[in-house]
Amino acid sequence: MCNRYHPLAYCLLGCGLLLSACDNDGLDVLDIEVPAGYELSAGTSTVFLSSSVAYDSEAPWVSGDYLTRFVRGDRLYDDVRTSTNGLGGGLGPVYAGYSCGSCHRNAGRTRPGVWSDNGSGAYGFSAMLIYITRKNGAFFRDYGRVLHDQAIYGVKPEGKLKVDWQFEQFEFPDGEPYELAYPKYTITDWYAEEISPDDLFCSVRVPLRHVGMGQIMSLDRTEIERLAAKSNYPEWGISGRCNYISERGVTCLGVSGNKAQHADLTVELGFSSDMGVTNSRYPEEICEGQIQINQGSMMGLSYDQLDISTEDMENVDLYMQSLGVPARRNVNDPEVKRGETMFFKAGCHLCHVTTLHTRPRGSTLLAGTQLPWLGNQTIHPYSDFLLHDMGSEIMGVGLNDNYVSGLARGNEWRTTPLWGIGLQEKVNGHTYFLHDGRARNFVEAIMWHGGEGEASKNVFRKMPREDRAALVKFLQSL
Ligand code: HEC
Ligand code: HEC
């Protein structure tokens, strides 16, 4: 059941109290559909958990052989890799994380080193990916796509990230202050040729929460393409577009990753690029060709055997795609309900699309196993999985990272799915948001929205304080 609110109704009901919220700068407020209070986030995959394992528990339909494989996948996912060969080995020689779970703790977003260590830290582990390119977009020969800031004993990390924060104070029209923090990156301790900052773009990424990976993989891609054709709201300055990527000779719609730069779950890439764990898709060490690796071989380490089998990678794939999606909480709390209305009023839902569908047959894992349970589901990811220009103005740079991924330009980002976001603090112990974790709370995350998000952000900005607070409360219920 749905409650249909007509935009006019807001003004009739709320104008006395919500004067500024009605002042929408002449924006065409659409026919707004607020989903009726209690909604299952992901159909039959919804789990009713709000504890620290809310992201990391199997969907209700996982049983029998699938449960066995889920448990094995979970173990492989969290196994702390070592530098030896064989099961649990294969780490490095250079790496960014020592298990999937080291960065995606509890299938979420590990507290990133950008804040706790101002970067890689001296000995610490940063739980981030550091992408580097030349200014013309080319990769550096001695480094490749990711700067690995960790290495096994006897090998040098490729470099270390240092973050200097710049802070700026702002005020809402009602006088309430807020602050934004902008990270300035420097890379030190290059293992080989020092790269001049004049020819370096550096994009730092904090991990994405795994909430709803199976549903994302099962999305009806034609629905996303139809959405792209439809996602055009000139009054709001919004027009989302698809990212298409070519992998192994096939062009596909990208749906995962911060720039929708991946069509699949990238399990093989995660093992290879993030941890140095070789596999059938990426049989070569990521640092192949680095001079220090030849030295490594001389130290008696052997790099010529694959570190994980395709069967085991499929178990990791199965584990991620079979995770349950936490149900929303406090949906009947009046403040949450009001915040939900504000979410629609500010046009957040034009990008953070509330409802999508999965294709009839569900998902196919990387070695061919089918997960039909993921099929034909109505889901509430709060994302359109499209790219949006998020602007380059705020604090002189905005969210632009100058990093190109497929069709996505530096200022373009995939709308982050918001399902489960309210539990991030419980699951991972922090509230750092946005692709590089620069936002320290919900308000800062919203206030970084520029470009296509500018009009929406401004509606939020002009809301009375208690409406902004209600909107945040609504986000916490997701
Ligand atoms: C060094 C930290 C690190 C390690 C280790 C790591 N990841 Fe990630 N992962 C990330 C970051 C950062 C992103 C976001 C990348 C981006 O900007 O798109 C990500 C994104 C992903 C995504 C896309 C999620 C989405 O919602 O679109 C998947 C799936 C994923 N990782 C799976 C894995 C698996 C499986 C492993 C282990 C084989 C792994 N990761 C290991 C940091 C890590
Ligand atoms: C034009 C499309 C668009 C609109 C409108 C929009 N967003 Fe976003 N939102 C995005 C994109 C794209 C990102 C990812 C940006 C990044 O990571 O740099 C994002 C990120 C976020 C995040 C951080 C998610 C995370 O896990 O890091 C939150 C919270 C959020 N948006 C809330 C809102 C709210 C609330 C509104 C309405 C006031 C809104 N957004 C309006 C596109 C949009």
Side-chain angles (χ1 to χ4, degrees), residues 73 76-77 95-104 109-110 112 125-131 146 148-150 203-213 216-217 231 233 236-240 255-262 264-275 277 308 313 316-317 319-320 342-343 345-352 382-390 398-399 401 403 405 412-418 420-421 424 432-439 442-446 448-449 451-461 463 471-472 474-475 478:
L76 286 162
Y77 185 91
Y95 62 94
Y98 49 82
S99 68
C100 309
S102 65
C103 293
H104 301 279
R109 177 180 267 178
T110 306
F125 158 69
S126 63
M128 301 175 306
L129 286 174
I130 305 157
Y131 296 157
V146 171
H148 299 94
D149 61 353
Q150 314 285 318
S203 180
V204 171
R205 307 292 173 83
V206 302
L208 283 157
R209 299 171 294 269
H210 284 334
V211 177
M213 282 318 312
I216 296 173
M217 290 301 114
S231 165
Y233 311 99
W236 291 81
I238 295 177
S239 59
V255 285
S256 71
N258 273 303
K259 298 215 181 210
Q261 75 274 29
H262 298 298
D264 67 22
L265 261 191
T266 71
V267 175
E268 303 112 312
L269 186 66
F271 275 108
S272 151
S273 175
D274 302 353
M275 298 196 279
V277 174
I308 187 166
M313 285 191 298
V316 174
D317 196 6
Y319 154 72
M320 279 194 288
M342 294 302 138
F343 182 84
K345 184 144 188 66
C348 310
H349 68 297
L350 299 178
C351 299
H352 295 282
Y382 292 85
S383 174
D384 55 5
F385 299 91
L386 298 176
L387 296 174
H388 296 276
D389 169 6
M390 296 302 282
L399 292 171
D401 69 347
Y403 193 89
S405 287
E412 287 181 309
W413 297 95
R414 177 197 68 161
T415 309
T416 314
L418 300 180
I421 195 171
Q424 184 181 301
Y432 297 127
F433 298 123
L434 298 176
H435 65 271
D436 55 4
R438 67 176 71 179
F442 283 111
V443 170
E444 290 182 15
I446 298 169
W448 272 109
H449 282 57
E452 293 179 39
E454 181 77 17
S456 174
K457 187 249 324 264
N458 280 333
V459 177
F460 174 77
R461 199 171 66 84
M463 280 177 190
L471 200 156
V472 168
F474 163 69
L475 295 175
L478 293 178

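Just follow the structure's listing: the first ligand is 1, and inside any ligand the first atom is 1. The structure presented is a predicted model; accordingly, all values stated were derived computationally and were not measured. Residues take their numbers from the sequence shown, with the count starting at 1.
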Under 4.0 Å, heavy-atom basis, I'd like to know which part of [X] is in contact with ligand 2: side chain, backbone, both or neither.
{"X": "Leu350", "answer": "neither"}
{"X": "Ile238", "answer": "side chain"}
{"X": "Arg209", "answer": "side chain"}
{"X": "Leu471", "answer": "side chain"}
{"X": "Leu418", "answer": "side chain"}

Residue and atom name of the nearest protein heavy atom (relative to [atom]), distance in Å to one decimal:
{"atom": "atom 14 (C) of ligand 2", "answer": "Thr416 OG1, 3.2 Å"}
{"atom": "atom 27 (O) of ligand 2", "answer": "Leu434 N, 2.7 Å"}
{"atom": "atom 28 (C) of ligand 1", "answer": "His210 CE1, 3.7 Å"}
{"atom": "atom 2 (C) of ligand 2", "answer": "Cys351 SG, 1.9 Å"}
{"atom": "atom 23 (C) of ligand 1", "answer": "Gly257 N, 4.1 Å"}
{"atom": "atom 33 (C) of ligand 2", "answer": "His352 NE2, 3.5 Å"}
{"atom": "atom 38 (C) of ligand 2", "answer": "Cys348 SG, 2.7 Å"}
{"atom": "atom 9 (N) of ligand 1", "answer": "His104 NE2, 2.9 Å"}

Ligand 1 contacted by [X] (non-hydrogen, < 4.0 Å):
{"X": "Tyr131", "value": "yes"}
{"X": "Arg414", "value": "yes"}
{"X": "Ser126", "value": "no"}
{"X": "Met320", "value": "yes"}
{"X": "His262", "value": "no"}

Nearest non-hydrogen contact with [atom] belongs to which option: [options]?
{"atom": "atom 10 (C) of ligand 2", "options": "Met463, Met390, His388", "result": "Met390"}
{"atom": "atom 26 (O) of ligand 1", "options": "Met128, Met213, Arg109, Gln150", "result": "Met213"}
{"atom": "atom 29 (C) of ligand 2", "options": "Phe442, Trp448, Phe460, Phe433", "result": "Phe442"}

Ligand 1 to [X] polar contact by distance, N or O atoms, under 3.5 Å:
{"X": "Asp274", "answer": "yes"}
{"X": "Cys100", "answer": "no"}
{"X": "Asn258", "answer": "yes"}

| query | Looking at the rings of Tyr77 and His210, which for Trp means the six-membered one, are their centres under 6.0 Å apart? | reply |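 Yes - the distance between ring centres of Tyr77 and His210 falls below the 6.0 Å cut-off.
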
Number the atoms of ligand 1 from 1 as they appear, then name those within less than 4.0 Å of a heavy atom of [X], with their elements.
{"X": "Ala96", "value": "1 (C)"}
{"X": "Arg205", "value": "12 (C), 16 (C), 17 (O), 18 (O)"}
{"X": "Ser99", "value": "5 (C)"}

| task | Please state whether the separation between atom 8 (Fe) of ligand 2 and some N/O/S atom of His449 is under 2.8 Å? | result |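 So His449 does bind atom 8 (Fe) of ligand 2 by this criterion.
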
| Hey, is atom 8 (Fe) of ligand 1 within less than 2.8 Å of some N/O/S atom on Cys103? |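 Checking atom 8 (Fe) of ligand 1 against Cys103, no N, O or S atom falls under 2.8 Å.
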
